[in-house]
Amino acid sequence: MDRIIEVARKAGVDAIHPGYGFLAENPAFAQMCSDNSITFVGPSPSAIEMMGHKTVARKTMIDADVPVVPGTELIDDDAELARRAVEIGLPVMIKAAAGGGGKGMRVVTDPKEIDGAIRAARSEARSSFGDDAVYIEKYVEDPRHIEFQVLADRHGNVVHLFERECSIQRRHQKVIEEAPSMALDDDLRERMGKAAVEAARAAGYWSAGTVEFLVDKHKNFYFLEMNTRLQVEHPVTEMITGIDIAKEMFRIASGEKLSIAQEDVKMHGWAIECRVYAEDPYNNFLPSPGKILALRIPNGPGVRDDSGVYAGYEVPLFYDPMISKLCTWGRDRTEAVDRMKRALAEYIVKGIKTTIPFHQKVMENKDFLAGNITTGFIGDKFVLEAGEVNGELQDVAIISAALQTARRKRDTVTPEGPSGGVTDLWKMAGRRSRWLT
Ligand code: MV4
């Protein structure tokens, strides 16, 4: 943080957009920017801090009439915590107050396991966050994870940009997201959107933010947490609304009003994002670091690939293995899926393994195509077998084509001698011009 601020000062920087990395939700960094007269392109340090504290966030939502999962406040006494777990009714989830993203969580289904689970959750919370405060929530079984994008300016205007369906996750890492969600109808969308706007208002929030909800099989929705940053999956929202979310963040940070009112936010078509990771989907998603030897990024109508890599780039082992986000848009979900299938088939990454074949398999999956997706979707369903996905024999095809070309070159003797001379190129050009007429 010190070094970034130092560089920014030397360069005369007046604003820093933190992206969606480590510093995006660090209230100390936001404060440091402000202390150095640099605009932090994000929310206030206090909003970040409040949402980072899960029970404070819950309390704020309860006061604002935003539905939360039935549960407790912070409880220090383990025996009291165990009593409340029984009172709420098993299964319950023990969560770290400083947590989020799946760390320090324990599901308890058997009363005999309560005490051990509380101790385990506390100790995990202490080692992960340096804070062993925990609380309990009723466990929502096999939920959907649906989040609403919000934008708020510093003049009290708040809008939502509809939802993203993010249920396809693996070990608390999102893998595929889409907007809108098959699970919402207009009525539920309106109610959840209003709740998301209320959540942002209650937090005195400005900038772009995301309100996460769990949706159960009866279509009840519950506030889970609020992410106080631009998120990885924001492109799907940009694609269905036409709103440049990062640009709005800059407008808001410079004190301008939102450029849109709620009634101007319209949803058009469907968008899907597949996160391409340097991982081996045939081997339990084992990290696959190394040098990218060749890269072909798909394009064409409705295709957007946000990537940070190039041929020759070395994917390091010690950082996030996400190498790109492949997004497609279509007039409806079927068109978005079809374009995704085409784009995935055209995507070539050599030198490392990627999750592209995994995405190809999901795009053919009956449940996915029907929109039947919950956080349990990947589970153990996704064992990829060699030869299962189209295009897998591409390497073999390339090698045989190369061998064939080399053999032909060696064996072909023209009147000018072996092919490949400079004069041949002129001859070829002449022939090409005749083919065109
Ligand atoms: C839950 C839950 C069920 N019931 N809370 C996981 C990450 C963290 N943000 C909250 N998480 C969950 N909280 C209650 N009361 C299930 C999860 C959960 C989950 C949530 C969203 C997406 C994927 C998930 C995978 C496993 C568990």
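Just the heavy atoms: all of them, side chains too, but no hydrogens, waters or symmetry mates, feed the values below. Each ligand, and each atom within it, is numbered from 1 in the order the structure gives.
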>> With side-chain hydrogen bond (donor to acceptor under 3.5 Å, both in side chains) as the rule and sequence neighbours excluded, what pairs involving residues 292-305 come up?
In response: Glu238-Arg304, Arg304-Asp306, Asp305-Ser324, Asp305-Tyr347

> By ring-ring contact (aromatic ring centres under 6.0 Å, His included), which residues pair with Phe223, not counting sequence neighbours?
Replying inline: none

> So with a 6.0 Å cut-off around CD of Glu314, is the heavy-atom count from everything else above 12?
Replying inline: yes

>> My understanding is that only residues two or more places apart in sequence, or in another chain, count here; which of them pass salt bridge (Lys or Arg N to Asp or Glu O under 4.0 Å) with Lys366?
In response: none

> Is the distance between the ring centroids of Trp206 and His155 less than 6.0 Å?
Replying inline: no

> Name the residues with a heavy atom less than 4.0 Å from ligand 1?
Replying inline: Val69, Met93, Lys95, Gly101, Gly102, Met105, Glu137, Lys138, Tyr139, Val140, His145, Gln169, His172, Leu214, Leu224, Glu225, Thr375

> Under a 4.0 Å N-O cut-off, is there an ion pair linking Asp216 with Arg144?
Replying inline: no

